[in-house]
Peer 1: 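The following block contains the structure, expressed as C-alpha cells.
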2 protein chains.
Amino acid sequence: MIQEAHPALAPERRDRIRILVREEGVTRVEDLRKNLNVSVATIRRDLEILEEEGKVKRVHGGAVSMESRLEESVFDDKTNQASKQKKRIAEDAYSLVGHEESVFLDGGSTTLFMARLLQQRTDVTVVTNSLRAVQELSDSGPRVIFTGGELRRISQTMVGPLSSAVLEQIRVDKAFMGTMGFCLKNGISTTDPNEAYVKRQIAEHASQVILLADSSKAEKVSFARVSDWDQVDILISDHDLPKDFVKTLRKRGIKVRLL
Amino acid sequence: MIQEAHPALAPERRDRIRILVREEGVTRVEDLRKNLNVSVATIRRDLEILEEEGKVKRVHGGAVSMESRLEESVFDDKTNQASKQKKRIAEDAYSLVGHEESVFLDGGSTTLFMARLLQQRTDVTVVTNSLRAVQELSDSGPRVIFTGGELRRISQTMVGPLSSAVLEQIRVDKAFMGTMGFCLKNGISTTDPNEAYVKRQIAEHASQVILLADSSKAEKVSFARVSDWDQVDILISDHDLPKDFVKTLRKRGIKVRLL
DNA sequence: ATCAAAATCAATCTAAATCGATCAAAATGA
DNA sequence: TCATTTTGATCGATTTAGATTGATTTTGAT
C-alpha cells in the first residue's frame with residue numbers, strides 16, 4: 001500500500017468528502033478518489049458512514065449532499081434513520097398543539113414535518129419564517145402568518161430586521177424551534193447570526209418554547225448563539241441523548257421528552 | 001457503452017430535466033436528449049421516475065411540469081392568446097428594470113412572468129408580497145425581500161396589517177403592479193380590500209409606479225378601489241386598448257406602452 | 001370519419017460501470 | 001512483538017445506459 005506524505009486521518013478525510021459533496025451538490029465516487037488519493041473502496045466505506053450520519057445520500061456512482069439545498073429529498077428519504085427520528089419528534093410535538101392555539105414554526109426539517117401534520121388543522125394559527133413551511137400550508141390548512149424579511153436561500157427562511165417588524169407585533173402560545181446544536185454549557189446555537197436573532201425574538205414572544213432536536217445535535221456548538229436554557233420549556237429529543245444530559249436539564253426545570 | 005468525460009450522476013441529470021421542464025413549462029423528449037447528451041431511453045426512464053415523484057406529468061412526445069402550480073393555468077397555455085399577451089407585457093416591463101435597482105412585484109400572473117425573467121439577475125432587489133413570485137426566485141437570482149402578513153390563499157399573496165409593518169420600512173425604485181380592472185373614471189381596482197390596501201401602500205413607497213394590464217381589464221371596475229391614475233407613471237398594455245383611452249391617459253401625463 | 005405514414009413509446013437485451021463482500025496487506029497502538 | 005484497525009485489491013452480483021424491435025399514438029391527407 002502506497003501512502004502519501006500526509007495521509008489524512010479517517011475522520012478528517014470523511015469531513016473533506018462531506019464538504020466536497022456539499023459544495024458540488026452531487027459528486028461521483030471517482031472524483032472523490034482522485035481528489036483524496038485513496039481507493040474507491042475507502043470512499044465507499046466513508047460514504048456509507050456519512051450516509052448513516054445523514055450527511056449525504058448515496059446514489060449509484062456517487063453521493064448527494066443532504067446538507068443545505070437539494071434536500072427537498074428530506075421527505076422522500078423514508079429509509080433514512082435520521083429522517084425517521086425527526087418525523088417521530090415532529091409527531092410528538094404536534095400532539096402538543098392544542099385547540100385554537102397559535103404556534104410558531106421555525107425553519108429546519110423537523111418543523112417541516114410538523115407543518116405537514118398541521119395541514120389537517122383549521123383551528124390553529126401558524127406563524128413561521130420558513131418558506132418551505134408556508135409552501136406546505138399554502139393550499140389548505142390553518143391560518144398562516146408569514147414573517148417577512150430577506151430570503152436566506154440556504155435555509156429558505158426569512159431573516160433580518162424586517163422580520164422583526166412583524167414579529168414584534170405578535171404573540172404565540174407555543175414556539176417550536178429547531179437548532180443546529182445545543183450543549184449544557186453554551187445553550188442553543190445555530191449557524192447564522194441573523195437566524196439566531198429571529199429565534200431569540202420569537203422565544204421572547206412565545207408563552208412556551210419547545211425545542212425539537214435529535215440527539216445528534218447534542219453537545220455541538222455552532223457559530224451563532226441563540227439563547228440559554230432558561231428560555232426553553234420543553235425539549236423533545238430521542239433516547240440516544242446522554243443520561244446525565246437529561247438529568248441536568250430536568251434539574252433545571254426543563255421538561256424532556258425522549259422518543 | 002461510450003461514456004463522456006463527466007457523465008452526470010443520475011439524480012443530477014434528473015434534476016436538470018426537472019428544471020428544464022419547469023422553465024419551459026413543457027419540453028419534448030428529443031430536446032432533453034440533445035440537451036443532456038443521453039439516449040431517449042434514458043430520458044424516458046428519468047421522466048418515468050420524475051412522474052412517480054409528482055414532479056412532471058408525462059405526455060406523448062415529452063413532459064409537462066407539475067411544479068409551480070401555476071403552470072397548470074398560466075404557463076402551460078402557450079397557445080392561449082391572453083397568456084402570450086401577458087408574457088409580452090412582462091418582457092417589456094422587465095426591460096425597464098435597470099442596474100442595481102430595487103423593484104416591487106405585485107401578485108398576479110403578469111408579474112409572475114416578470115419574476116421568472118428576474119431569475120437571471122443578481123444585481124437587483126425584488127420586494128414582493130406574492131408567494132408564487134418568491135417561489136420562482138427561491139433557488140437563485142436577485143436579493144428577495146418578502147413582505148410578511150397573513151396568507152390570502154386565493155391569490156397566494158400576503159396581506160393585512162402585518163404586511164404594512166414591513167412595507168413602511170422600505171422604498172423601491174419601481175413598483176410593477178397588476179390589477180383586476182382599470183377605467184378612466186374610477187381608476188384602478190381589485191377584488192379584495194386588503195390587497196388594495198397593500199397596493200396603495202406600495203404605490204406610495206415607490207419612485208415610479210408601472211401598471212401592467214392587458215386590454216381585457218380596460219373599463220372594468222372591481223369591488224375594491226386601489227388608486228387614481230395620478231399615482232401611475234407608466235401603463236404597459238396592448239394595442240387593443242381603445243384609442244381615446246390611450247389619448248386621455250397620455251394627456252394626463254401617463255406614459256403608455258402598447259405591445 | 002378513415003386510413004396510412006410518421007413519430008413516439010414500452011419492452012427486451014447487451015455492454016459497461018458500479019457495487020458489495022471477502023480477503024490480504026499495511027498501518028497503528030499496546 | 002502481536003492484536004486491532006484501516007486500507008486496497010479482486011471478483012461475482014447488481015445497476016445503469018444504449019440499441020433494437022414491435023406496439024401504440026399522433027398527424028395529415030383524403
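Just so you know, these numbers come straight off a predicted model, no measurement behind them. To find a chain, count down the sequence lines: A is the first, B the second, and so on, and within it residues start at 1.
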Peer 1: Would you indicate whether E24(A), at its atom CD, is surrounded by more than 12 heavy atoms from other residues, nucleotides or ligands within a distance under 6.0 Å?
Peer 2: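 Atom CD in E24(A) is not packed in, count stays at 12 or less.
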
Peer 1: Holding to ring pair (Phe, Tyr, Trp, His ring centres under 6.0 Å), I want the full list of residues that pass it with F176(A), two or more places apart in sequence or in another chain.
Peer 2: none

Peer 1: Verify the distance criterion only: is there a donor paired with an acceptor across the side chains of D238(B) and S215(B) at less than 3.5 Å?
Peer 2: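 S215(B) and D238(B) do have a side-chain donor-acceptor pair below 3.5 Å.
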
Peer 1: Atom CZ of R33(A) and atom P of dA17(C): how far apart are they, to the nearest Å?
Peer 2: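 Going from R33(A) (CZ) to dA17(C) (P), I get 14 Å.
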
Peer 1: Using whole Å, what does the distance between atom P of nucleotide dG8(D) and atom CD1 of I43(A) come to?
Peer 2: 9 Å

Peer 1: Between the side chains of R88(A) and Q85(A), is a donor N or O closer than 3.5 angstrom to an acceptor N or O?
Peer 2: yes

Peer 1: Please state how far atom CZ in R45(B) lies from atom C1' in dT15(D), giving the value in whole angstrom units.
Peer 2: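 Going from CZ in R45(B) over to C1' in dT15(D) covers 11 Å.
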
Peer 1: Between dT22(C) atom C1' and E48(A) atom CD, what is the distance in whole Å?
Peer 2: 14 Å

Peer 1: Restricting to non-hydrogen atoms, name the atom on D214(B) and the atom on S237(B) that form the minimum distance, rounded to 0.1 Å.
Peer 2: C-OG, 3.6 Å

Peer 1: Who does dT10(D) pair with, Watson-Crick or G-U, both distances under 3.5 Å?
Peer 2: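 Check on dT10(D): paired to dA21(C), both distances under 3.5 Å.
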
Peer 1: For L36(B) and dT16(D), what is the distance between atoms CG and P respectively, to the nearest whole Å?
Peer 2: 17 Å

Peer 1: Under 4.0 Å: is that the gap between some side-chain N or O of S39(A) and OP1 or OP2 of dG8(D)?
Peer 2: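 S39(A) to dG8(D) OP1/OP2: side-chain N or O found under 4.0 Å.
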
Peer 1: Assess whether atom CZ of R16(B) is packed by more than 12 heavy atoms of other residues, nucleotides or ligands within 6.0 Å.
Peer 2: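 It does not: R16(B) CZ has 12 such atoms or fewer within range.
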
Peer 1: So what's dA5(C) paired with, Watson-Crick or G-U wobble, going by both distances under 3.5 Å?
Peer 2: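 Across all strands, the one nucleotide that pairs with dA5(C) is dT26(D).
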
Peer 1: Counting only side-chain nitrogens and oxygens, does T42(B) get under 4.0 Å of the OP1 or OP2 atom of dG18(D)?
Peer 2: yes

Peer 1: Got a list of protein N/O to nucleotides 18-20 of chain C N/O distances below 3.5 Å?
Peer 2:
from    : atom 1 : to     : atom 2 : distance (Å)
dT18(C) : OP1    : R28(A) : NH1    : 2.7
dT18(C) : O4'    : H60(A) : NE2    : 3.4
dT18(C) : O3'    : G61(A) : N      : 3.1
dC19(C) : OP1    : G61(A) : N      : 2.6
dC19(C) : OP2    : R44(A) : NE     : 2.9
dC19(C) : OP2    : R44(A) : NH2    : 2.7
dC19(C) : O5'    : R44(A) : NE     : 3.3
dG20(C) : OP1    : R58(A) : NH2    : 3.0
dG20(C) : OP2    : R58(A) : NH2    : 2.5

Peer 1: Checking all strands, does V40(A) fall into the base, sugar-phosphate, or nothing category for heavy-atom contacts under 4.0 angstrom?
Peer 2: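 The residue V40(A) makes no contact with any strand.
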
Peer 1: V59(B) versus V26(B): any side-chain heavy-atom pair under 4.5 Å?
Peer 2: no

Peer 1: May I have the distance from E51(B) (atom CD) to dC9(C) (atom P), rounded to whole angstrom?
Peer 2: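 The distance from CD of E51(B) to P of dC9(C) comes to 11 Å, rounded to the nearest Å.
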
